[in-house]
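Note that the numbering runs from 1 along the sequence shown for the chain. Hydrogens, waters and symmetry mates are skipped; everything else that's a heavy atom, side chains included, is used.
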Amino acid sequence: MAKLTLQSTRQLQSGHGIPVLGYGVYMIPSSETAKVTLEALKAGFRHVDSAIMYHNEGPCGKAILNSKLDRSQVFFTTKIPPQSMGYESTKRAIDSSLKEAAQDYFDLILIHAPYGGKKARLGSWDALVEAQGAGKVRSIGVSNFGIHHLDELEAHIQSSGASQIDVGQYELHPWLDHSDIVEWLKKRNIVVEAYSPLAHGSRLKEPVLLSIGKKYGKTPAQVLIRWSLQMGFVPLAKSVTPSRIRENVDVFDFELEAEDMKLLDTGEYSPTDWDPTVDKD
């Protein structure tokens with residue numbers, strides 16, 4: 001694979017690039033978000049992943065402003081929550097988020113989960129497409145959609161000529177196998193983002209991680225981020241500790257050998273959080 005750096009990007013179908021490593025702000029209190037996000041930007045992150053459900057879009061926008069970086073240098077994501085599903089509700093949510101974050105546009109907006117039924121899902125997608133055409137968002141995608149939801153959306157896109165899916169975001173790490181969904185996405189040149197790439201820290205003492213980390217002189221967290229990068233994912237690493245934030249970007253000076261990647265291919269299915277992909281509606 002081509003050598004990755006912190007400045008590397010993956011090409012989206014919209015024509016824009018997405019940085020290969022993102023900073024996630026899930027469950028970071030609003031009162032702390034501006035400070036730690038600014039720390040992440042100082043450490044070299046150029047990709048911030050927020051959501052309406054996180055209640056911290058505003059502090060993320062403030063951190064981007066305070067970083068003194070040009071807005072074009074930071075890739076900023078938000079997500080439409082289940083309670084805003086449907087065409088009109090999603091339109092309102094987009095405008096509200098732009099105002100809350102003090103942004104002229106988002107780089108990426110995702111539908112956070114496939115709840116609400118078919119009509120609501122497709123209505124939300126149409127609102128995203130409309131917002132993309134209006135310049136309110138540059139790229140659009142989905143999160144936590146199962147294959148049946150993806151098939152439904154693909155059929156809608158093909159029949160309506162609507163914009164393509166740019167990104168699919170899922171919980172992905174060696175102990176949560178979504179290989180069927182990943183295959184579906186990659187076959188269509190959709191960039192795969194990995195949230196909770198560190199499994200919320202619940203697996204950092206796994207013997208296999210400790211062993212591989214010792215081999216490369218890296219921490220278990222760095223091994224997991226590197227695994228995600230080599231799987232072709234865009235991992236969204238989260239920490240509120242400055243030293244660990246810096247640690248999480250120090251993953252471009254080594255490469256896991258094939259044998260180590262194989263050791264981390266557990267085939268296990270153990271979500272650390274919700275998994276809406278299995279929703280049957």
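Side-chain N or O atoms of S160 include one that pairs as donor or acceptor with a backbone N or O of H156 at under 3.5 Å. Remark: side-chain polar atoms of D177 are not paired, donor with acceptor, to backbone N or O of Y269 under 3.5 angstrom. In this structure, T241 contributes its side chain and S243 its backbone to no donor-acceptor pair below 3.5 Å. When atom types are taken as modelled, the side chain of R246 and the backbone of A43 share no donor-acceptor pair closer than 3.5 angstrom. Using modelled atom types, one side-chain atom of Q132 and one backbone atom of R138 make a donor-acceptor pair closer than 3.5 Å. A donor-acceptor pair under 3.5 Å links the side-chain atoms of Y170 to the main chain of F145, judged by distance alone. Judged purely by atom type and a 3.5 angstrom limit, S211 has no side-chain atom pairing as donor or acceptor with the backbone of V208. Here the side chain of T266 pairs a donor or acceptor atom with the backbone of P174 at under 3.5 angstrom. Between the side chain of H148 and the backbone N or O of D279 there is at least one donor-acceptor pair closer than 3.5 Å. Side chain of D166 to main chain of S14: a donor-acceptor pair is present (N/O by atom type, distance under 3.5 Å, no hydrogens or angles).
Across every non-hydrogen atom of K79 and S50, the tightest pair is NZ-O, 2.7 Å. In terms of heavy atoms, D260 sits closest to K215 at OD2-NZ, 2.8 Å. In terms of heavy-atom proximity, A120 sits nearest to M85 at CB-CB, 4.0 Å. Taking both residues in full, the closest heavy atoms of L12 and S139 are given as CD1-OG, 3.4 Å, listed atom of the first, atom of the second, then distance. Between T90 and A127, the closest heavy-atom pair is CG2-CB, 3.6 Å. Nearest approach of L256 to V223, heavy atoms of both residues: CD1-O, 3.9 Å.
Distance CD/E206 to CG/L263: 12.5 Å, rounded to 0.5 Å. Note that NE2 of H16 and CZ of F75 are 8.5 Å apart. Values are rounded to the nearest 0.5 Å. Going from atom CD of E100 over to atom NE2 of H55 covers 10.0 Å, rounded to the nearest 0.5 Å. From T277, atom OG1 reaches atom CG of L150 across 9.5 Å, with rounding to the nearest 0.5 Å. The structure places CG of L41 at 6.0 Å from CG of L69, a figure rounded to the nearest 0.5 Å. Rounded to the nearest 0.5 angstrom, E171 CD and L236 CG are separated by 12.0 Å.
Note: Y26 and Y54 have tilted aromatic rings, judged against thresholds of 30 and 60 degrees for the angle between ring planes. Taking the six-membered ring where the residue is Trp, W175 and H173 present tilted rings, their angle falling between 30° and 60°. Taking the six-membered ring where the residue is Trp, Y216 and F254 present tilted rings, their angle falling between 30° and 60°. In this pair, F45 and Y23 present their aromatic rings tilted. The plane angle is within the 30 to 60° band.
By the rule that hydrophobic residues join a cluster once side-chain heavy atoms approach within less than 4.5 Å of another member, W227 and V251 end up as members of one cluster. The hydrophobic clustering, which links ILVMFWY residues whose side-chain heavy atoms are closer than 4.5 Å, places L198 and M231 together. Tracing side-chain contacts under 4.5 Å through hydrophobic residues (I, L, V, M, F, W, Y), one reaches V192 starting from I225; they form part of the same cluster. Clustering ILVMFWY residues whenever any of their side-chain heavy atoms sit less than 4.5 angstrom apart, transitively, puts I190 in a cluster other than the one holding L108. Side-chain heavy atoms closer than 4.5 Å link hydrophobic residues (I, L, V, M, F, W, Y) into clusters, and following such links, even through other members, never connects V191 to V74.
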**Request:** Test D49 against Q169 for side chain to side chain donor-acceptor pair (under 3.5 Å), laying out the working first.
**Result:** CA-CA 11 Å; D49 181 87; Q169 185 184 111; 3.1 Å; yes

**Prompt:** Under the side-chain contact (heavy atoms from CB on, under 4.5 Å) criterion, do D95 and K136 qualify, and how do the steps go?
**Reply:** CA-CA 8 Å; D95 289 339; K136 296 178 181 180; 2.8 Å; yes

**Prompt:** Is there a side chain to side chain donor-acceptor pair (under 3.5 Å) between R226 and Q222 once you walk through the steps?
**Reply:** CA-CA 6 Å; R226 187 68 208 186; Q222 288 171 320; over 6 Å; no

**Prompt:** Taking it one step at a time, do E57 and S97 satisfy side chain to side chain donor-acceptor pair (under 3.5 Å)?
**Reply:** CA-CA 7 Å; E57 295 166 303; S97 287; 2.7 Å; yes

**Residue pair Q13, R188: steps toward the side chain to side chain donor-acceptor pair (under 3.5 Å) verdict** = CA-CA 10 Å; Q13 298 195 92; R188 292 158 175 81; over 6 Å; no

**Request:** Report the C-alpha separation of D253 and K218 in whole Å, then their side-chain angles, then the decisive distance to 0.1 Å, and conclude whether the side-chain contact (heavy atoms from CB on, under 4.5 Å) test is met.
**Result:** CA-CA 10 Å; D253 59 350; K218 293 292 182 179; 2.9 Å; yes

**Message:** Please evaluate residues L128 and I80 with respect to the criterion side-chain contact (heavy atoms from CB on, under 4.5 Å), reporting the C-alpha separation (whole Å), side-chain torsions for both, the decisive distance (0.1 Å), and the verdict.
**Reply:** CA-CA 10 Å; L128 290 186; I80 304 299; 4.3 Å; yes

**Message:** Quick one, S196 with D273, criterion side-chain contact (heavy atoms from CB on, under 4.5 Å). Give me CA distance, side-chain angles, the key distance, then yes/no.
**Reply:** CA-CA 9 Å; S196 302; D273 207 334; 5.5 Å; no

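Between I157 and S163, every side-chain heavy-atom pair lies at or beyond the 4.5 Å cut-off. Counting heavy atoms from C-beta outward, I109 and I94 have side chains that approach closer than 4.5 Å. Two residues are said to be in side-chain contact when any heavy atoms from C-beta on lie closer than 4.5 Å; I111 and L153 fail this criterion. Contact check for I28 versus T37: no side-chain heavy atoms found under the 4.5 Å cut-off. Side-chain atoms of L224 and P197, non-hydrogen and from C-beta on, never get closer than 4.5 Å to each other. Residues L21 and V234 are not in side-chain contact: their nearest non-hydrogen atoms beyond the backbone lie 4.5 Å or more apart. You'll find the side chain of E152 stays beyond 4.5 Å of the side chain of P114, heavy atoms only. Counting only heavy atoms from C-beta outward, the side chains of L98 and F106 approach each other to under 4.5 Å.
Judged by a 6.0 Å distance limit and a 45° cone about the ring axis, R71 is positioned over the six-membered ring of Y105.
Around the CD atom of E183, the shell of radius 6.0 Å holds no more than 12 heavy atoms that belong to other residues, nucleotides or ligands. Residue-environment remark: CG (D70) exceeds the threshold of 12 foreign heavy atoms within 6.0 Å. Enclosure of atom NZ in K214 is not indicated, since only 12 or fewer non-hydrogen atoms of other residues, nucleotides or ligands lie within 6.0 angstrom. When the shell of 6.0 Å around NZ of K186 is examined, it contains more than 12 heavy atoms from other residues, nucleotides or ligands.
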